[in-house]
Amino acid sequence: LNISDYISSGIIESYVLGLADAAEQQELEQLRIQYPELEAAIRAFEQSLEQNALAAATPPPAHLKEKILSALVQEAGESRAIPLPVYNIPPASVKPMSWFRYAAAASLVGLLASAILNFYLLNQNKALTETQVKLTASVEKNQQQLADMQNYLAMVTDTAMYKVVMKGLQSKDEMATIYWDTRTKDVYLDVKNMAKPADDQQYQLWAIVDGKPVDAGVFELKENKMQLSKMKNIQRAEMFAVTLEKKGGSPTPKGTMTVAGKV
Amino acid sequence: LGTKTTYTEAELVTLLKQRDNHSYTYLYDHYSGALYTVILQIVPDRDIASDVLQDVFVNAWRRIDQYDNSKGRLFTWLLNIARNAAIDMVRSKGYQKNQQIRELPNDVNGIDTGNSLKLNIDNIGLRKVLNNLKEDQRVLVDMAYFKGYTQDEIAKELNLPLGTVKTRIRTALIQLRTYLQ
């Protein structure tokens, strides 16, 4: 699949406007995960569509705002009202009782009902607190992932970022990419696929300057593929390479070179 | 008190999912105009369009948990809810009956009261962009986007091969991106 042909095929517009069929939607949703340039193009089209629509806004009648917002308040009320269970107790056939017996029976029933209700409310409260803790954690996690993704996208689509692809020397599957900021000379590393090192070992990045390796920092493999590692600032280099060194790094490269790429 | 006047999209979505009142007011202030235009382009009657707009916000409230940022921007999601709600309205039996009654006096007097409004609406937003397209493409995108026909239905309606319909819509959509920028 040629991704740039795909991007300019009209499928993005069709998807965003809700005209794509189920198979097309599914295909696009898979491909956007694999191709950052497709993801960026979708976001860009959505943005221009939104700007165009905001510029063409027609103010709705003034009274409508209050009407709609109060409709939402009503929605809120309906969804909050949790129906309490209703117990149908069949009337028992009883002999006439004295007022004392009635009162005792009534207070027992009242006590029992209150105990049941308390138990029910306590459990409900516990369940709600648990749900809330879980939700908060999941929201925070999602927000972090989203922020990482947005940073990643901003980085890979920034035209001032110079890209150096480092290919695997030991295994073809291994790959990492350097994003080198042409303004600040900051170096960011995007590991696409690299084997997990042994516990006493760590990967180290080198910039090759005038034929000599210059340390650009050690790094850990990230769990989230969209998280980049910020490496040392490198003013100039003709090549970048990664070697496997002892934990904490080495002043000069001694270990095996895993990936490398020319600038 | 204590309400922010701008939110990032992520902040806004988090608050909307908590059913925070202020965030819905913000949503309304920010997007109701843009959505109202799109609805009017499908349902020209202002009163009915207002009802549709209300449905859109109630639906957004009910379905906000299903919104998934990885599949698109918040506005894209709202826009699709609005478009679907407007098309559903036009297709409803009540609306169709009403239209027949409305059209009669207009024909007799030769005056279309909604006309001045309609003209305005037809030359802004996505409609305006569509007006740049060639006639044979414009008709197809109009049927697909504003009338909600499937490509199969368009092919049958216009007596064109399905392949032709697909190609023309795709070609039109490719140009859309350029015109929007």
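Below, chain A is the first sequence line, B the second, and so on; all start at residue 1. On a predicted model such as this, the values are computed, not experimentally measured, just so you know.
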Flag if over 12 foreign heavy atoms under 6.0 Å of NZ, A:Lys185: yes
Should the heavy atoms of other residues, nucleotides or ligands under 6.0 Å from NZ of B:Lys134 be counted, would the total exceed 12? no
Which atom pair, heavy atoms only, marks the closest approach of A:Ala57 to B:Ala34? CB-N, 3.6 Å
Between A:Ser48 and B:Leu180, is there a donor-acceptor pair closer than 3.5 Å when you use the side chain of the first and the backbone of the second? no
Least distance between heavy atoms, B:Asn69 atom then A:Arg43 atom: O-NH2, 2.7 Å
side-chain contact (heavy atoms from CB on, under 4.5 Å) for A:Leu17 and B:Leu173? Distances and angles first, verdict last. CA-CA 10 Å; A:Leu17 292 171; B:Leu173 290 175; 3.9 Å; yes
Name the residue from B:Val38, B:Leu40, B:Ile39 that meets the side chain to side chain contact (heavy atoms under 4.5 Å, CB included) definition with A:Thr58. B:Leu40
Between B:Arg170 and A:Glu24, is there a side-chain N and carboxylate O pair less than 4.0 Å apart? yes
More than 12 heavy atoms of other residues, nucleotides or ligands under 6.0 Å from CD of A:Glu66: is that the case? no
Nearest heavy-atom approach of A:Gly18 to B:Arg83 is O-NH1, 3.6 Å
B:Tyr179 vs A:Asn52 side-chain heavy atoms within contact, under 4.5 Å: no
Under 4.5 Å between any side-chain heavy atoms of B:Asn21 and A:Leu72, yes or no? no
Ignoring hydrogens and geometry, is there a side-chain-to-backbone donor-acceptor pair from B:Thr76 to A:Val16 under 3.5 Å? no
I'd like to verify something: which residue of B:Gly72, B:Gly148, B:Ser32 has the highest number of heavy-atom pairs under 4.5 Å with chain A? B:Gly72
Contact class of B:Leu126 relative to chain A, heavy atoms under 4.5 angstrom: both
With only heavy atoms counted, which part of B:Tyr28 is less than 4.5 Å from chain A, the side chain, the backbone, both or neither? side chain
Pair count under 4.5 Å, heavy atoms only, with chain B: among A:Arg32, A:Gln47, A:Lys67, A:Gln25, highest is A:Arg32
Between B:Leu74 and A:Glu50, is a side-chain contact (heavy atoms from CB on, under 4.5 Å) present by the stated rule, with each step listed? CA-CA 10 Å; B:Leu74 181 63; A:Glu50 179 170 339; over 6 Å; no
Engaged part of B:Asp29 at the chain A interface, taking heavy atoms whose separation is under 4.5 Å: side chain
Is A:Tyr15 close to B:Lys71 at the side-chain level, that is, under 4.5 Å between some pair of heavy atoms? yes
Check the side chains of A:Glu75 and B:Tyr24 for a donor-acceptor pair under 3.5 angstrom, ignoring hydrogens and angles. no
Any side-chain heavy-atom pair of A:Pro61 and B:Ser50 under 4.5 Å: yes
Shortest non-hydrogen contact from B:Arg177 toward A:Ile7: NH2-O, 2.7 Å
Write out, in numerical order, the residues from residues 131-146 of chain A with a heavy atom short of 4.5 Å from a heavy atom in chain B. A:Val139, A:Gln143, A:Leu146
Side chain to side chain, A:Ser14 and B:Tyr145, heavy atoms closer than 4.5 Å: no
A:Lys163, NZ: over 12 other non-hydrogen atoms inside 6.0 angstrom: no
Chain A contact via B:Val129 - which portion, at a heavy-atom distance below 4.5 Å: side chain
Where does B:Asp51 contact chain A at under 4.5 Å (heavy atoms): side chain, backbone, both or neither? side chain
Spacing of A:Ile68 atom CD1 and B:Trp61 atom CH2 [to the nearest 0.5 Å]: 13.5 Å
Take B:Val58 and A:Gln74 through the side-chain contact (heavy atoms from CB on, under 4.5 Å) test and state the conclusion after the steps. CA-CA 10 Å; B:Val58 170; A:Gln74 207 177 336; over 6 Å; no
d(B:Thr25 OG1, A:Leu69 CG) to nearest 0.5 Å is 4.5 Å
Comparing B:Ser70, B:Ala172, B:Ala60, B:Ala49 against chain A, the one with the most heavy-atom pairs below 4.5 Å turns out to be B:Ser70
Check this for me: does any side-chain nitrogen of one of A:Glu46 and B:Arg73 sit under 4.0 Å from a carboxylate oxygen of the other? no
Part of B:Thr14 lying under 4.5 Å from any heavy atom of chain A: side chain
Per-residue contact mode, A:Pro59 against chain B (heavy atom under 4.5 angstrom): backbone
B:Asn80 versus chain A, the contacting section by heavy-atom distance below 4.5 Å: side chain
Test item: B:Ile169 and A:Glu13 side chains (from C-beta on) under 4.5 Å apart, heavy atoms: no
Residue B:Arg127 versus chain A: region with a heavy atom under 4.5 Å: neither
